[in-house]
Each structure stands twice: as structure tokens, then as C-alpha cells.
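A short worksheet on the structure shown next.
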Protein chains: 2
Amino acid sequence: MATKCANCPLQRSDVFIDLGEDEIRFMQKFKVGELEVNPGTPLLMEGSNSPQLYTALRGMGVRYKTLANGNRQVINFVFPGDFIGLQAGVMGEMQHSVEAKSPMTLCVFDRSEFWSFFKTHPERAFDLTWMAAAEEHFLGEALASVGQRTAFEAISWALCKIMLRGQALGLAIDRVMPIPFRQQDLADALGLSLVHTNKTLSKLRNRQLANWGDEILVVNDLGALADAAGMTLEPLMKRPIM
Amino acid sequence: MATKCANCPLQRSDVFIDLGEDEIRFMQKFKVGELEVNPGTPLLMEGSNSPQLYTALRGMGVRYKTLANGNRQVINFVFPGDFIGLQAGVMGEMQHSVEAKSPMTLCVFDRSEFWSFFKTHPERAFDLTWMAAAEEHFLGEALASVGQRTAFEAISWALCKIMLRGQALGLAIDRVMPIPFRQQDLADALGLSLVHTNKTLSKLRNRQLANWGDEILVVNDLGALADAAGMTLEPLMKRPIM
DNA sequence: CGGTCGATTGACACCTTTCAATACGGGTGG
DNA sequence: CCACCCGTATTGAAAGGTGTCAATCGACCG
């Protein structure tokens with residue numbers, strides 16, 4: 001049974017901006033179904049022209065690009081509340097792929113209705129643009145991490161970011177957060193080799209900054225981790241959801 | 001005297017989608033003036049809440065972030081037609097700075113009118129979202145370059161990208177393009193040291209792939225350069241302008 | 001029980017960074 | 001007109017962070 005938008009589980013989290021009644025009705029009309037997938041399932045492929053757009057309700061995944069030489073660049077990690085397919089919606093085709101890394105539940109929208117966002121619901125269109133700008137912001141930070149930080153700092157930064165989102169979403173219970181990613185995913189996100197990523201993770205473990213193993217991330221002192229990353233902890237902004 | 005939108009020089013380039021008459025009238029109302037700046041002038045600062053948004057009419061610049069350790073990450077290069085300040089427009093404040101690297105002419109818009117895009121001109125709002133998505137796409141590619149390519153490949157990629165845009169915009173005359181950037185700018189964009197950037201550039205020069213010096217970039221064989229970068233040359237999409 | 005996947009480790013090669021020094025053009029003040 | 005300073009580009013040498021190669025180990029699974 002598809003979840004009703006009125007009962008959207010995401011609305012319970014206070015990192016998301018509350019939708020008005022009218023907006024909820026509109027999204028409900030827009031929603032064509034719900035999708036449950038297993039880890040490893042590809043949701044969108046680079047170059048594809050998918051008729052479907054998604055909002056992640058539960059579970060996690062990765063966005064990535066595959067290069068000519070076979071290398072993979074993980075663009076970022078997908079968490080509940082993330083909108084998937086914006087590029088396909090506005091530009092016609094995806095520029096990266098999206099794959100589930102844990103069991104996921106996704107809200108499915110019909111792309112052909114996409115334009116009606118702009119025509120009839122300007123607030124929703126604005127939210128969409130907001131999300132695009134937020135993504136641009138994140139990618140700018142990621143670029144700075146990959147470009148300017150050492151492996152140690154970059155990994156600290158990434159784990160910090162993940163934990164922050166996890167806490168905001170209620171996925172982290174008291175500094176402990178389950179994450180389905182592999183070390184290779186993190187390595188591909190930061191442009192590091194798997195081996196070096198592994199060794200750096202164990203260094204973080206030795207220094208009691210972060211402990212990631214058995215699909216579980218533990219961070220005792222977020223502040224210390226952020227220091228190690230050379231970043232400043234900023235409170236997350238409230239975000240809209242689709 | 002400020003240029004009239006009806007005579008917008010950008011509209012002459014065929015990389016940009018033609019605006020309808022109504023749209024031109026609307027943009028004209030939105031436009032509050034024109035700004036001419038010298039190289040080195042900061043246009044927007046990270047964290048600022050600028051009341052002004054811009055479209056680059058002439059000249060080039062850079063977007064960049066400054067990290068806690070003082071390092072600088074150049075997010076990308078600004079060319080004519082680029083919209084500057086989207087983040088401030090939708091999220092309230094800029095997440096990166098923008099600085100002119102050559103003399104620039106900018107179209108100035110009033111941010112307080114920003115919302116009217118969405119309320120009264122859904123096509124314009126859509127174009128804005130399109131541009132945000134395109135930027136997201138570009139940043140994804142940049143991330144892949146910095147993360148997965150060697151210095152030699154990354155620099156080839158960057159010069160290729162620059163030349164492609166230059167040609168599309170008519171800034172490149174027969175494989176020759178003036179660019180006001182410094183080697184340090186490119187180094188900061190790709191996460192490389194200045195010294196290594198310099199040496200890699202001279203390697204490109206030796207191999208007759210690209211010659212950048214005296215503020216001029218010469219690329220004889222774009223295909224060969226793209227090969228060196230391990231990228232595939234794709235025709236630029238037509239883009240909207242604001 | 002063999003086979004696969006992910007995590008871990010050690011050794012070694014090498015791409016990049018850092019440190020230093022030189023060169024060259026443009027601007028400025030004496 | 002010349003000395004001097006500053007930003008940018010170049011080069012050489014040495015140090016070091018990361019990548020690559022290889023082997024081991026534990027957990028899960030048919």
C-alpha cells in the first residue's frame with residue numbers, strides 16, 4: 001500500500017519544512033506510486049531519459065558517474081528526503097546514475113507532470129530550485145574537499161557530513177548510525193584508492209575520532225572530527241521536500 | 001548607458017535560446033542597471049546576502065570558496081551568459097565568492113523581484129532551474145576530474161572545456177582564445193599545486209596539445225586534447241539566459 | 001566445503017607537493 | 001632614466017602523501 005502524502009513519514013522529521021494542506025493534496029495527485037528496491041538496484045542510469053522521478057522515503061543510495069577509463073566517481077550519498085531525477089526532469093536526461101545501497105522505499109512521480117509544478121504551483125517550483133541550489137552548494141564543498149584536503153581531512157569531512165545528516169534525519173541513535181556503504185564507495189567519493197581509504201579509516205579509529213565498521217558508524221565527538229577535517233560545523237538548514 | 005534587453009549582445013550568440021518578446025519585456029523590467037568592473041573586483045562574497053543578482057554580459061571571472069586553512073578552491077570559471085547569485089536568490093546567502101578576472105560588464109537584477117519569476121513567469125522559473133541543474137551537472141564532472149583524473153588528464157579536460165565554451169561564445173577565433181586566468185587559478189580549480197600545474201602545462205605544450213601563455217590559449221586539435229583528457233566531446237546544449 | 005565479497009596489511013613505486021632560486025615585465029618613486 | 005618591488009611564470013631537487021600490487025582473513029552462501 002502506497003503511503004499517503006498526508007501521512008508522509010518524512011514530515012515527522014523537523015529538518016523538513018512542513019507542507020501546506022494544498023501542497024500535500026497537489027503532491028498526492030502527482031504521486032503515481034511507491035517503489036521498494038533491494039540493495040544494488042539501479043534507479044536511474046546516466047544518459048537515461050526516465051519517465052519517473054523519485055523522492056527517497058527510506059534507505060540510502062549513491063549517485064555516481066562512470067568515466068571513460070572505467071573509474072567511478074561517487075557524486076554524493078542519497079538519504080531519505082532527497083529528490084532523485086531533477087536533471088532528467090529539467091534537462092531531459094540524467095548526467096549521473098543512482099543506485100540503492102540499502103533496501104529503499106521511493107515515492108514515484110510522473111515526469112510528464114513536471115511542468116505543472118511551474119505552471120500551477122510556483123511555491124513547489126521554488127522549492128525545486130532551492131533543492132538544486134542546495135545540491136550545487138554541496139557539490140562545491142565536495143569539490144573543495146577532494147581538491148584541497150588531505151585524505152585524512154577529506155575522510156573526516158565525509159564522515160562528519162554523513163553523521164550530521166544521519167542525526168538530523170533521526171537515523172543516528174546517540175552517536176551511532178547504521179550505514180550500508182562500502183569503503184570503496186567512500187574511496188570513489190573522495191578520489192582515493194581503496195587501500196589508502198582503509199588505512200586512513202583505521203587511523204581515525206586509532207585516534208578515537210570515528211569508528212566505521214560492520215555497516216555502523218560511530219562518532220563520539222563530532223566537534224573533534226570536524227576539527228580534524230578543518231571544517232566548521234554549521235547547523236543544517238531546514239529543507240523542503242517533494 | 002545600459003544595454004536594452006532587446007539588444008542583448010548575448011542573444012546574438014546561437015548557444016543561447018532565443019527569448020520571446022514578452023520575456024524580453026519582463027527581463028527589462030527586472031533589470032535595474034549595468035555594472036562595469038575591473039579585474040580583481042569581488043562581485044559576491046561567500047556568506048553575503050547580496051540584494052543584487054547578475055548576468056555576465058562580457059568578460060570572465062571565477063567562482064571560488066576559501067577553506068579554513070586558507071586554501072582556495074575554484075569552483076568554476078564564469079563566462080558571458082552565466083547567471084551569478086542564484087544561491088543568494090533562493091537560499092538567502094552565497095556559498096561561494098565570485099570575482100572578476102578581466103574587465104566585466106554585468107547585467108544587474110534586483111533580488112527582491114526574484115520571487116516574481118516563479119509567480120508570474122513560470123517559463124523563466126523553469127529556465128532558472130534548468131541553469132541550476134546544468135551547474136550541478138558541471139560540478140559533477142569537475143568532481144570526477146579532480147577525483148579520478150591525473151594532473152595531465154585533468155588539465156587537458158579543463159582546457160578543453162574552456163576552449164569549447166570559448167568557441168561556442170565566439171570568444172575563440174580560429175582555435176585561439178584570450179583568457180585572463182592565472183596558472184594559480186587553474187591549479188586551484190583542479191586541486192593541484194602551482195608548480196605541478198606549470199610543469200604539466202609545459203608538457204602539454206611540448207606534445208603540441210595545447211599552448212597557454214601570455215593570456216592566450218591555443219588548441220590546434222580539440223579531439224586530440226579530449227583524448228588526452230580521457231573525455232568524449234559532446235556538443236554543447238543550447239542554454240537559456242536570464 | 002569451495003567460492004565470493006569486503007576488509008586489512010605490508011612493501012614498493014611514483015605522482016605531486018614543498019622548498020628554493022631565477023627570470024621577466026610592469027609599475028612606482030627617487 | 002634607473003633602481004626597486006611585486007606578481008607571474010619557470011626550473012631543479014628533495015620529501016612525502018597516495019596508488020598499485022599482492023597476500024591474508026573473516027563472513028556469508030549455495
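Chain naming here is simple, since letters A, B, ... match the order of the sequence lines and numbering starts at 1 in each.
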Using a heavy-atom cut-off of under 4.0 Å over every strand shown, decide if Gly40(B) touches base, sugar-phosphate, or nothing. nothing
To the nearest angstrom, the CD-C1' distance between Glu215(A) and dG6(C) comes to 10 Å
Would you please test Asn49(A) and Arg111(A) for side-chain hydrogen bond (donor to acceptor under 3.5 Å, both in side chains) and show each step? CA-CA 10 Å; Asn49(A) 188 335; Arg111(A) 184 180 138 193; 2.3 Å; yes
Return no unless some side-chain N or O of Arg149(B) is found under 4.0 Å from OP1 or OP2 of dT16(C). no
Let me know the distance between CD1 of Ile216(A) and C1' of dA27(D), rounded to the nearest Å. 15 Å
Check this one for me: any side-chain N or O of Gln183(B) less than 4.0 Å away from OP1 or OP2 of dT10(D)? yes
For Ser193(B), does its backbone N or O pair with a side-chain atom of Thr197(B) as donor and acceptor, under 3.5 Å? yes
Atom CZ of Arg182(B) to atom P of dC24(C): distance rounded to whole Å? 19 Å
With a 4.5 Å cut-off on side-chain heavy atoms, are Tyr54(B) and Val78(B) touching? no
Send over the distance from Gln184(B) CD to dT17(C) P, rounded to a whole Å. 11 Å
Could you check how far CG of Asp214(A) sits from C1' of dC5(C), rounded to whole Å? 14 Å
Tell me whether the side-chain N/O atoms of Asn198(B) come closer than 4.0 Å to OP1 or OP2 in dT10(D). yes
Toward the 5' end of DNA chain D, which comes first, Val195(A) or Thr150(A), by nearest nucleotide? Thr150(A)
Please determine which of Lys65(B), Arg72(B), Gln73(B) meets the side chain to side chain donor-acceptor pair (under 3.5 Å) test together with Gln148(A). Gln73(B)
For the base of dG12(D), is there a side-chain donor-acceptor partner from Lys199(B) under 3.5 Å away? yes
Rounded to whole Å, how long is the line connecting atom CD1 of Ile155(B) with atom P of dT16(C)? 9 Å
Please tell me whether Phe181(B) and Phe77(B) form a close aromatic pair, meaning their ring centres lie under 6.0 Å apart. yes
Would you classify Leu201(A) as touching base, sugar-phosphate or nothing, given that sugar-phosphate means primed atoms plus P, OP1 and OP2, and contacts are heavy atoms under 4.0 Å? nothing
Please give, in whole Å, the distance from dT10(D) C1' to Leu194(B) CG? 10 Å
Distance check needed: dA9(D) C1' versus His196(B) NE2, whole Å only. 16 Å
